[in-house]
Structures are given as C-alpha cells and as structure tokens.
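Taking it in order: structure first as structure tokens, then the write-up.
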Number of protein chains: 2
Amino acid sequence: MIDAPSVELPRDFDGLRALILSRRDTLPKRIAQVAAYALDNPDEIAFGTAASIAVSSGVQPSTLIRFSQHLGFDGFTSLQGVFRERLRERNSSYEERLSTLRAEIQNGADNHRILEGFLTASSKSLDAMARTLDQATLDRAIETLAEAETIYILARRRSYPVASYVAYALGKLKVRNQLVESAAGLSPEIVSFATPRDVVLTISFSPYAPDTIEDARALSERGVPVVAITDSAFSPLVQFAKVWFEVAEADFGGFRTLASTMALAMALTVGVGDARHARSGQKPR
Amino acid sequence: MIDAPSVELPRDFDGLRALILSRRDTLPKRIAQVAAYALDNPDEIAFGTAASIAVSSGVQPSTLIRFSQHLGFDGFTSLQGVFRERLRERNSSYEERLSTLRAEIQNGADNHRILEGFLTASSKSLDAMARTLDQATLDRAIETLAEAETIYILARRRSYPVASYVAYALGKLKVRNQLVESAAGLSPEIVSFATPRDVVLTISFSPYAPDTIEDARALSERGVPVVAITDSAFSPLVQFAKVWFEVAEADFGGFRTLASTMALAMALTVGVGDARHARSGQKPR
DNA sequence: CCTTCGATGAAATAATAATTCCATATTTTA
DNA sequence: TAAAATATGGAATTATTATTTCATCGAAGG
C-alpha cells in the first residue's frame with residue numbers, strides 16, 4: 001500500500017503542479033513520465049480515459065492509478081477532477097471569476113490573486129470590446145485622423161499612459177502629432193496653434209479631468225475635429241466630438257484596466273499609419 | 001427510428017448552437033428542455049455523465065440520447081465530444097486566429113481586423129502571463145518595493161506608458177515615487193538622490209533604451225535594489241536586477257501589445273499599496 | 001552473489017456509464 | 001372522438017472504464 005502524503009491534497013491545478021514539481025526527483029521513472037505528460041497535456045488528462053492517456057503517455061493504465069495515489073488521491077478519477085476543474089474555472093464567466101478573486105483577497109491579500117484579478121479584468125474588457133465596438137465608427141475615426149495635418153493628443157491622469165503610447169507609436173510611423181502634456185498650463189499655447197485641418201484625439205474617463213475637457217472644448221470651438229475615447233454616452237466629450245468611442249473597462253480592486261483602450265489606441269494608430277501610406281501611394285504595411 | 005437531419009453534423013460548438021436554435025420550435029418538450037439546459041450549461045455537458053446531466057436538467061438519461069440523436073449524432077458520447085472540443089479550442093487558438101487576421105490584412109487593410117488583431121494579441125499575452133508568471137517572484141518584487149522609501153520608476157519609449165501609469169497609481173495610493181522622465185538628461189540629477197533605502201522599478205524591452213539601462217546600472221552600483229520587467233533572460237537588466245520578470249507580449253502588425261505588462265504593473269502597484277497599509281497597521285484594502 | 005523491496009506490465013474484476021427496449025402517456029390528425 | 005403516431009419514463013442490457021491483483025523485473029543493500 002502506498003503512503004498518503006503528509007501534506008493535504010491540492011484542490012486546484014496550481015497546487016497540484018506545485019506538488020508534482022516538488023516531488024519531481026523522488027518519483028519512480030514511469031510515474032515521473034506520467035507526471036511530465038500530465039503537466040504538458042493537462043487537457044488530455046481532463047478528458048481522456050485512463051486507457052487513452054496510458055497509450056499517449058506510453059505507460060500502462062495502472063500506472064495512472066499509481067501516479068494518482070502517489071500524490072495522495074484515492075484514484076485516477078479524483079485526480080482527473082482537478083484537471084477538469086481547471087478547465088471549468090477558466091471558462092466560468094469573468095464576472096464570477098472576479099468575484100471569487102475579490103472574495104479570496106478579502107481574507108489577506110495574496111499577490112498572485114491580485115495579478116490574476118487584473119489579468120481577468122483585462123481579458124473581460126478585451127472581450128467586451130470585441131463584441132461591442134462598431135466597425136463604422138472605427139472607420140470614420142481612422143479616416144478623420146488620417147486627414148489631419150497634426151494630430152493633437154489630449155489626455156490626463158489615468159488616460160495619459162494611453163496618450164503617451166499613441167504619441168510614441170505615431171512618431172515611429174512618421175505621423176505628425178503633438179502630445180498635450182503639462183498640468184502646468186502650457187497647453188493653452190499649444191492649443192492655439194491648432195487649425196481646422198488638424199484633428200484632436202482625446203481620451204478621458206469618469207471622473208473626467210477638467211483640463212482635458214476644456215482643452216477639447218476650446219479646440220472644438222475653433223473648428224478642430226475631435227475624436228474621443230470615453231466611457232459613457234453622457235461623457236462631456238460626446239457633446240462636441242465628431243466621432244466617439246464608448247469603452248467599458250472592467251476594474252479590479254478599484255483600479256480600472258486599460259487593456260481595451262490600449263488595444264483601440266493601437267488599432268487607431270496603425271490604421272492611421274496604413275491609411276497615410278495608402279494615400280501617399282505606398283503599399284500598405 | 002429517427003431521421004438524420006439533412007444538414008451535416010456541426011463539428012464545432014458555434015455550429016451546434018446555431019443548429020439547436022434553428023430547431024428550437026420543432027423540438028419535443030423534454031428534448032427542448034435538454035437543449036436549453038445544454039446551451040446554458042455547456043460545461044456540465046462537457047464534464048457530466050448522461051445520468052448526472054439527466055438529474056440536473058430534470059429528464060431521464062434516455063432523453064439525453066434522444067436529444068443527441070435528434071441532432072444527428074449517433075449517441076450522447078459524440079455530442080459530448082463537441083462540448084469538450086469547445087473547452088479545448090479556447091485554450092490554444094490564439095496563434096491560429098492571429099495568422100488568419102494577418103493574412104486577411106494582407107489583402108487591403110480592414111480597420112476592424114486590425115483592432116481584432118490587437119485584441120487577440122492582448123488576450124494571448126494575458127493568457128501567457130497567467131500561465132507562466134511565478135508567484136514567488138511576484139511576492140519578492142512586491143516585498144522589495146514595499147520597503148522602499150522612494151520608488152524610482154525608469155522606462156523610456158514603448159515602456160514609458162506603463163511607467164507613467166505606475167507613477168500615477170502609486171501617487172493615488174500615497175506611495176512616494178519618482179518618475180524618471182526626460183530623454184534630455186535631467187535624470188543624472190534625480191538619480192543622484194537615490195539611496196540604498198530606495199528601490200528602482202525599471203521596465204525595458206528589446207531593443208533596450210540605452211538611457212534606461214545606464215540609469216538602472218548606475219543606481220544599482222550605488223546599492224539601490226532594482227526590480228525589472230523585461231522580455232528575456234538575456235536582457236541587460238537581468239545582470240543587476242534583484243528581482244526580474246520575464247514578460248512575453250504578443251505582437252500584431254509589428255507592434256507588441258502592453259496588456260500583460262500593464263496588468264503586472266497594476267498588480268505590483270496595488271500589491272505595494274496593500275503591503276504598505278498592512279505594515280502601517282491599517283487593515284488591508 | 002544473493003536477498004529484499006519497490007516498480008512495472010498485463011490481465012482479471014468490479015464499478016460505472018451509455019444505450020436499448022418496452023410499456024405507458026401524450027399529442028396529432030382524420 | 002377514435003386511431004395513429006410520437007414522446008416519455010423506467011428498467012434491463014450492453015459497453016466502457018477504473019481499479020485490483022498478481023507475476024515478473026530490476027535496483028539497492030548486505
């Protein structure tokens with residue numbers, strides 16, 4: 001008979017992997033072979049039968065049982081449960097997953113859970129954008145931006161990282177642009193250079209930074225078309241934007257992600273770059 | 001005997017769902033009940049047994065067989081295969097999807113495809129991080145950062161947006177930090193203020209910005225611990241980093257995403273905030 | 001070199017699950 | 001409303017799968 005391990009059974013896949021890795025060197029050859037196969041092909045373990053896994057991992061079915069028992073499970077079936085649970089977890093709705101993670105964090109902050117939370121929230125945001133974003137709006141925005149002599153990029157605080165990325169990427173694509181930075185009041189001067197042949201790209205989420213709104217309004221009143229990325233149809237930016245995107249970012253621990261805003265910004269940037277090249281007779285990238 | 005449907009069997013889940021929905025109104029009551037249950041609880045179908053599903057959907061096991069046969073499958077097992085395939089697919093198709101999108105874009109740039117490309121690349125990056133990131137490294141990084149008097153944040157070019165986000169978020173959490181900006185050479189002065197009781201958080205990807213590397217090296221030589229986010233074990237940052245993360249970002253159209261770097265940065269930030277609060281005797285967030 | 005003990009393979013057995021069958025109920029249609 | 005066709009429940013059957021057993025192998029220790 002095989003000794004049960006002194007540590008308790010791992011209930012989730014991460015724990016199981018840790019357990020396997022910690023024993024890696026003490027496992028008998030065939031068992032180790034199965035262990036390696038299991039970590040490399042978790043889906044196979046989740047769905048296969050003892051016999052089918054035995055074939056594809058090159059051992060006998062009974063070795064699967066022994067492997068399971070070595071780890072302290074009472075049979076292959078309960079080991080398999082962990083592999084199945086993993087697939088379930090992964091596909092359970094984002095909302096569900098997030099609330100699980102939030103709950104887990106309540107009882108002492110586990111850093112890994114925090115990371116998982118942001119990863120999940122980011123994925124959720126990306127999914128939401130893939131489902132909701134309107135193609136025609138995207139085309140109009142890119143068309144508008146591609147016609148600009150200079151693209152003025154306007155964002156503060158939480159949105160500022162996105163703006164700085166766009167400025168950097170447009171620069172690499174040789175598209176003239178001006179990042180409107182300073183909270184310190186330089187912006188009025190920069191703003192006064194803009195003409196109706198330029199375009200403003202502004203990014204602002206609730207609570208909207210007053211500077212951003214005012215700059216955008218000022219530019220709009222001078223006839224400069226505004227392309228806006230914001231989070232609601234009630235955003236002040238919507239009033240004077242020529243084209244606007246509504247982006248719903250998920251949050252975790254009170255911090256909203258930037259994943260889908262960032263992806264949209266990248267798409268706008270590359271789209272503008274392509275349109276410019278096409279226009280100037282070059283072949284598209 | 002039951003007629004096979006004239007349309008061929010759906011091989012993937014989407015096709016199956018379409019088939020079910022198209023027949024919704026012509027299905028017998030119990031069969032329809034199972035159909036509704038199956039679409040609402042696909043994971044149950046994937047993992048359950050005919051008997052267990054029968055119980056939770058409130059029918060007889062034989063009805064599951066009939067349901068399967070109504071749709072043209074030859075039994076419950078082959079229907080279940082489609083539900084299982086769905087769970088498998090989800091985990092391994094980013095690469096495939098991206099190459100499809102890349103190919104589509106070759107023949108004339110479709111803006112919506114570009115966006116999809118960035119969304120997919122971002123998701124892929126997030127998934128990769130969820131699978132690979134080491135918990136212990138994360139804990140050490142947060143612990144190191146939480147002990148800092150001041151956190152110096154060092155990043156240029158493509159990584160700069162991440163740094164600016166971290167600076168903003170740390171500020172909101174009342175954690176003292178200094179964003180080392182200017183390409184213009186202000187940094188030597190800022191750098192000279194740092195002491196071994198401070199910590200540097202630096203972010204740099206190939207091709208590594210020379211300024212970032214030099215600043216990080218200079219600080220490290222003065223005894224300031226370095227936490228690095230980079231893209232390879234061969235990154236110059238690795239040599240003198242106390243803790244370092246290897247982050248693999250997917251790219252689309254030559255532009256690498258920042259999704260997982262950003263999520264990691266958020267987790268670090270919030271983790272540090274929590275650790276600080278815990279340390280100062282407050283209850284964690 | 002022999003002994004012992006854990007590891008392994010293969011087949012037997014037990015458990016579980018899918019499928020079929022048939023009696024009964026329900027709906028449809030003439 | 002009667003007859004036919006279809007659907008359903010429940011149990012019996014068949015198939016599949018996990019698990020156990022046992023003989024053999026191979027390495028470690030004396």
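A note on names: the letters A, B, ... follow the listed sequences, proteins ahead of strands, and every chain is numbered from 1. In what follows, every heavy atom counts, from backbone to side chain, and hydrogens, waters and symmetry copies are set aside.
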Contact nearer the 5' end of DNA chain D, comparing B:Pro61 with B:Pro28: B:Pro28
Length of the CZ-P vector between B:Phe76 and D:dT14, whole Å: 22 Å
Short N-O contact, B:Glu143 and B:Arg140, less than 4.0 angstrom: no
Nearest-angstrom distance from the residue atom CG of B:Leu79 to C1' of C:dA18: 13 Å
Verdict with supporting geometry, B:Lys124 and B:Asp127, salt bridge (charged side-chain N to carboxylate O under 4.0 Å, His left out): CA-CA 5 Å; B:Lys124 184 185 170 188; B:Asp127 255 37; over 6 Å; no
Nucleotide D:dT19, atom P - distance to CZ of A:Phe67 in whole Å: 14 Å
Between C:dA17 (P) and B:Ile53 (CD1): distance, integer Å: 11 Å
Ion pair check, A:Asp43 and A:Arg86, cut-off under 4.0 Å: yes
Residues that B:Phe205 engages under ring pair (Phe, Tyr, Trp, His ring centres under 6.0 Å), provided they are two or more places apart: none
Salt-bridge criterion met for B:Glu249 and B:Arg158 (N-O under 4.0 Å): no
DNA chain C-proximal residues of residues 44-51 of chain B, any heavy atom under 4.0 Å: B:Thr49, B:Ala50, B:Ala51
Length of the line joining A:Ile65:CD1 and C:dA10:C1', which is rounded to integer Å: 14 Å
Under 4.0 angstrom between B:Thr77 side-chain N/O and C:dT19 OP1 or OP2: yes
Over 12 foreign heavy atoms within 6.0 Å of CZ, A:Arg102: yes
Within the 6.0 Å centroid threshold, strictly below: A:Phe47 and B:Phe47: yes
Length of the CG-P vector between A:Asp74 and D:dT19, whole Å: 8 Å
B:Thr230 and B:Ser235: side chain donor to acceptor below 3.5 Å: yes
Sugar-phosphate, base or nothing in reach of A:Leu64, heavy atoms under 4.0 Å: nothing
Contacts under 3.5 Å, N or O only, protein and nucleotides 21-29 of chain C:
residue: C:dC21; atom: N4; partner: B:Arg66; partner atom: NH2; Å: 3.4

d(CG, A:Leu27; C1', C:dA7) in whole Å: 12 Å
Salt-bridge present (A:Asp231, A:Arg256; N to O < 4.0 Å): yes
Nearest-Å distance for atom pair CD/P, residues B:Gln60 and C:dA17: 16 Å
